[in-house]
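Note that this is a predicted model, so its numbers are computed, not measured.
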Amino acid sequence: MIESVLVLSLLPVHLLGSLTVGECKKGILGMCIPAYYQKFDLPSQNKTTYVTIGVNLKDIPKISDQDFSITIDTYFNVRWTDERLLTQTNPTMVTYQEDEGGLTAVNLNVLPNLWIPDIEILDLMSFETHKVLSRLEGVWIDSTGALLYGMASKITFICQMNFNAFPVDIQVCHFRVGSFNYPYKKITFLNEGIPRADDIKSVLDYAVDFNPLPRDKSSYIALGMNYSAAGFEVVLTRKMSFYIITYYLPSGLFVVVSWISFLVNPEVVPGRMTMLVTLFLVLINIHNTIQTNSPKAEGFTAIKTWIIACIVFVFGALLEYSVILFLLKLEKIKSSYISMKGKRKMKTNQRFTRLDISFFILFPILFMVFNTFYWSSVLYWRWKINMEILNPGSSVL
């Protein structure tokens with residue numbers, strides 16, 4: 001017979017102490033830790049210990065493109081069973097009855113005396129437990145020795161992001177929890193559930209969706225051993241409306257406005273040149289703003305490709321007018337007879353007018369071809385990523 005056990009319960013601190021198993025079974029609400037209990041040993045040496053991870057999402061306050069990170073506000077819950085523990089509830093004590101889930105709250109002072117899973121959050125940046133008057137955390141136990149350790153926390157973890165398609169990019173991130181020391185044969189992690197996107201209250205630059213963790217992400221290899229992992233997949237689809245209104249639409253309209261210069265008389269130099277140079281400088285300013293505000297990427301992003309193309313179209317109109325001015329200058333130098341000047345001028349104006357009309361037709365056609373190629377490529381890329389997410393492991397041409 002066990003001679004003594006340590007009892008930790010919701011009773012006042014001066015009532016806590018060492019009780020025998022017989023005393024524990026008299027109806028004292030709480031948890032009894034036998035004298036033979038070793039907190040450094042796994043709950044079971046002969047079979048796998050299952051640890052269930054629950055992430056009850058409250059909000060996603062921040063997604064940082066600069067830090068490649070996601071911050072979540074959540075109730076982070078860890079469940080496991082330790083059959084070595086003895087529990088007892090008193091049916092006559094209504095105040096301390098088990099709740100609907102069959103769990104009874106236990107004093108937090110029990111934690112230093114219990115075995116706790118050595119949890120590791122992969123790609124973790126920071127983990128903070130919220131605090132008001134004290135840390136918002138608790139421990140619960142049921143009659144079978146199943147423990148629940150929950151805390152209100154803010155978790156920031158790294159997401160491997162690729163911004164080459166910005167701002168039509170889709171980021172796929174993985175929140176994974178595993179053991180720091182024990183491989184999967186010793187500790188296996190399970191999911192309590194998948195968060196819901198409806199719980200997100202913050203206004204973000206992404207539409208967020210949650211999926212179960214893919215099979216190839218449910219384990220990882222470290223130190224030559226295979227470790228179990230639980231968690232979920234986060235799919236971030238960037239909202240394009242802001243970028244279309246702020247960057248795409250104005251820059252596209254500036255290109256269209258530049259075509260009006262083809263209808264202006266070439267000899268009206270101040271008006272035509274001022275309009276083209278102003279449009280060109282405005283597009284350069286938009287490009288610099290995009291360069292400053294865009295996340296880091298290895299090469300050209302989708303929006304940089306667009307704005308550079310718009311700059312090229314406006315520069316093309318400016319270059320065409322520069323060629324006309326150069327030819328006009330040559331015509332004036334070659335004019336040697338005053339009597340022929342009016343006739344030659346008429347022919348020159350007709351020739352330059354035909355040139356302007358030709359470019360007035362050619363530039364819109366080229367811009368439409370570019371738009372067709374650009375947006376079909378962008379939409380196909382986004383569709384391809386969505387198909388890969390919905391059908392992991394399949395190849396989409």
Full working for salt bridge (charged side-chain N to carboxylate O under 4.0 Å, His left out) between D205 and R238: CA-CA 6 Å; D205 201 25; R238 194 178 298 274; 2.7 Å; yes
The test is salt bridge (charged side-chain N to carboxylate O under 4.0 Å, His left out); show your working for K217 and E233 and say whether it passes. CA-CA 9 Å; K217 298 293 183 180; E233 181 180 77; over 6 Å; no
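Interatomic distance, T274 OG1 to L279 CG, rounded to the nearest 0.5 Å: 10.5 Å. Between D65 atom CG and Q171 atom CD the span is 7.5 Å, to the nearest 0.5 Å.
Residues N56 and D199 fail the side-chain proximity criterion, which asks for heavy atoms closer than 4.5 Å. The closest side-chain heavy-atom distance from M275 to Y321 is not below 4.5 Å. Looking at I324 and L355, their side chains come closer than 4.5 Å, going by heavy atoms from C-beta outward. In this structure the side chain of I158 reaches within 4.5 angstrom of the side chain of Q160, judged on heavy atoms. Within the 4.5 Å cutoff, the side chain of D118 has heavy atoms near those of the S179 side chain. I119 is not listed as a side-chain neighbour of F180, based on a closest heavy-atom distance of 4.5 Å or more.
W306 and Y243 have their aromatic ring centers separated by at least 6.0 angstrom. Aromatic ring centres of F68 and F163: separated by under 6.0 Å.
Scanning all heavy atoms of the two residues, the minimum distance from R272 to V264 falls at NH1-O, 3.0 Å.
In the hydrophobic clustering of ILVMFWY residues, with side-chain heavy atoms under 4.5 Å counting as a link, W375 and L249 come out apart.
Applying ring-ring contact (aromatic ring centres under 6.0 Å, His included) to F363 and the options F315, F262, F370, W259 leaves one that passes, F262.
By the 6.0 Å contact criterion, CD on E298 is open, its count of non-hydrogen atoms from other residues, nucleotides or ligands being 12 or less. Atom NZ of K201 has more than 12 neighbouring heavy atoms from other residues, nucleotides or ligands inside a 6.0 Å radius. Within a 6.0 Å radius of NZ in K296, no more than 12 heavy atoms belonging to other residues, nucleotides or ligands are found.
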